[in-house]
Amino acid sequence: MFRIFRSRVLSFPRPDFAEDFPDGFILVSDKGEIVDFGKWDKTKEIKYQQIIRQNNVIDFTDYVILPAFIDMHLHLPQFHLRGHYGVSLLDWLKEYIIPAENNLTTSEKNESFIKAFYQEMWRSGTTTALIFSSNSMKFTDQAFQVAKKLGFRTILGKVLSDNKYSSIKIPIESTEKSIRESIQLYEKWNGYDNLLYYAFSPRFGPATTEKLLKEVGEFCSKNSVYIHTHLAETIGEINLVKKLFPKYKTYTELYYKTGILTPKTIVAHAIHLKESEYKLLAKTHTKIAHCPSSNFFLHSGLANTQKMEDYGIEMGLGSDVGAGPSFSLFTIMRDAYYVRSTPPAQAFYYATLGAAKALGLDDRIGSFANGKDADFVVVKYPYWCTKDVSRTRLLSQLMFRGDDHLTIETYTRGRRVYQKTL
Ligand SMILES: [Zn+2]
């Protein structure tokens with residue numbers, strides 16, 4: 001069954017340009033792919049008269065359709081830990097995060113917890129996310145099972161930490177077990193239905209050994225697998241890396257020389273970097289998940305996104321839930337503006353196609369194009385913002401005043417996965 005979604009349609013094909021079809025449409029096939037989209041006019045009415053006659057037109061003309069959002073960095077086990085104020089990164093990990101992650105095993109309770117996590121993203125208009133699980137192989141497997149059952153698109157991985165000399169009290173496993181379990185999960189899930197992917201996920205420098213990083217780098221380069229980790233989020237973390245790995249000049253050099261910086265590596269934060277470190281990230285085509293809300297919350301510092309752009313480093317936006325309090329990419333875009341005056345069209349690009357490109361998924365998602373998956377979000381106009389509002393004004397209003405309350409419906413692969421109850 002083909003369906004026509006009639007609405008104002010916005011898309012962000014370039015960082016400096018937003019496409020706007022005030023009287024627009026998207027035609028979705030029975031496979032959930034976009035078949036046509038753009039401006040609705042008389043020629044379309046004639047061309048698609050059969051679909052109209054069959055009553056397969058969904059009227060969203062009072063609303064706005066945007067490409068669904070992509071969250072480039074967040075933590076599943078921290079879903080319920082948002083908003084605990086007053087701590088910095090390392091204390092926050094110790095006081096809240098590690099005990100919570102240790103409590104996760106497989107159970108029915110966890111299944112509903114995982115389900116609620118994915119549904120919360122759909123409620124915010126996000127249909128794709130790069131996610132840290134916990135150290136537990138069983139819990140990570142369960143997170144994949146639930147994503148499969150729901151049809152949530154994710155790149156997910158079990159957390160790796162094997163450095164027993166680190167002063168942070170985090171769960172430690174042997175290098176061998178960490179790698180073995182990761183490979184098992186990768187073999188079971190990576191590429192499933194073009195929907196689920198595996199990411200080797202070293203927690204961060206101070207939690208890992210060189211041996212582990214080298215093995216991850218080798219396996220992932222050879223097999224073209226995602227690597228997902230944190231980099232230079234706080235000064236305290238950088239000092240720990242210096243102490244644990246004195247032979248490396250910088251934190252980024254530790255990652256570079258152990259081989260984990262690849263075109264399929266995404267590092268979150270990358271705040272406190274020296275010039276040489278930007279160069280290494282650019283040289284290796286590493287991608288960055290910029291997480292401004294989390295950085296404000298933990299007072300970690302302000303990422304230099306201008307520098308990242310100057311070096312041509314591809315990036316997207318991450319909520320970093322639970323350090324970031326909100327799942328809504330509108331909120332993250334707004335905070336990205338407060339870090340640096342990012343124009344709205346550019347912020348929307350980073351939340352959609354920019355992130356899809358950084359993840360290498362832009363052939364399927366991120367914008368409206370024929371043959372791509374119909375992943376989109378229907379939002380209402382913010383109060384006092386009428387339908388005749390200009391494109392520039394609308395983007396600004398959505399970015400500064402938007403949150404998950406604006407979401408009316410969310411679709412992934414043409415399937416409605418969230419509907420607001422009015
Ligand atoms: Zn994080």
Side-chain angles (χ1 to χ4, degrees), residues 70-84 87-101 104 117 120-121 126 128-135 139-140 143 154-161 166 168 170-171 199-208 226-238 240-241 251-252 255 260 265-273 281 286-303 305 315-329 331-332 335-336 339 350 355 358-359:
I70 298 168
D71 193 330
M72 286 263 291
H73 177 72
L74 74 167
H75 298 256
L76 166 53
Q78 300 175 14
F79 176 31
H80 58 313
L81 295 172
R82 291 171 287 159
H84 287 289
V87 284
S88 66
L89 172 70
L90 298 180
D91 294 332
W92 188 70
L93 278 173
K94 199 163 65 186
E95 275 181 46
Y96 298 110
I97 302 308
I98 304 306
E101 290 192 9
L104 295 166
F117 174 78
E120 190 66 13
M121 277 189 271
T126 300
T128 303
L130 177 57
I131 300 169
F132 260 81
S133 177
S134 73
N135 284 67
F139 179 74
T140 308
T154 180
I155 305 168
L156 176 75
K158 163 190 149 70
V159 175
L160 302 172
S161 49
S166 173
I168 316 160
I170 47 177
F200 279 66
S201 309
R203 186 184 285 277
F204 64 161
T208 53
Y226 288 107
I227 299 173
H228 180 199
T229 189
H230 298 87
L231 173 68
E233 184 175 353
T234 65
I235 301 291
E237 173 199 1
I238 292 169
L240 260 178
V241 170
Y251 194 163
T252 307
Y255 284 176
I260 67 157
T265 300
I266 298 95
V267 294
H269 309 297
I271 299 172
H272 307 280
L273 297 182
L281 295 175
T286 298
K287 315 298 193 277
I288 292 175
H290 174 39
C291 308
S293 305
S294 156
N295 300 156
F296 280 136
F297 180 77
L298 291 173
H299 296 282
S300 304
L302 304 180
T305 51
M315 66 176 129
L317 299 173
S319 66
D320 196 18
V321 161
S326 171
F327 280 91
S328 172
L329 262 295
T331 309
I332 318 303
D335 285 342
V339 171
Y350 285 138
L359 296 172

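Note that ligands are numbered from 1 as they come in the structure, with each ligand's atoms numbered from 1 the same way.
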K.L.:
Using the ring of each side chain (for Trp, its six-membered ring), is H269 parallel, tilted or perpendicular to H230, with breaks at 30° and 60°?
P.N.:
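Ring orientation, 0 to 90° scale: parallel.
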
K.L.:
Can you name the N/O/S atom of H73 that is nearest the Zn ion (ligand 1)?
P.N.:
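That would be atom NE2.
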
K.L.:
Regarding D320, does it place an N, O or S atom less than 2.8 Å from the Zn ion (ligand 1)?
P.N.:
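Given the 2.8 Å cut-off, D320 counts as a ligand of the Zn ion (ligand 1).
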
K.L.:
In degrees, rounded to 10 degrees, what angle do H75 atom NE2 and H230 atom NE2 make at the Zn ion (ligand 1)?
P.N.:
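Output for this angle: 100°, rounded to tens.
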
K.L.:
So that I can check it, does any N, O or S atom in C291 come closer than 2.8 Å to the Zn ion (ligand 1)?
P.N.:
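It does not; every qualifying atom lies at 2.8 Å or beyond.
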
K.L.:
Are L273 and Y251 close enough that some pair of their side-chain heavy atoms sits under 4.5 Å apart?
P.N.:
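The answer is no, as the side chains (C-beta and beyond) never meet within the 4.5 Å cut-off.
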
K.L.:
At less than 2.8 Å, would any N/O/S atom of H269, backbone or side chain, sit next to the Zn ion (ligand 1)?
P.N.:
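No, since none of the N, O or S atoms of H269 sits under 2.8 Å from the Zn ion (ligand 1).
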
K.L.:
Any chance you could measure S134, atom OG, to R203, atom CZ, to the nearest 0.5 Å?
P.N.:
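Rounded to the nearest 0.5 Å, the OG-CZ separation comes out at 8.5 Å.
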
K.L.:
Looking at every non-hydrogen atom in both residues, tell me the closest pair between T140 and G157 and how far apart they are.
P.N.:
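Closest pair (atom of T140, atom of G157, distance): CG2-C, 4.0 Å.
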
K.L.:
Which heavy-atom pair separates T265 from T286 by the least distance, and what is that distance?
P.N.:
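Closest approach of T265 to T286, heavy atoms only: O-CG2, 3.6 Å.
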
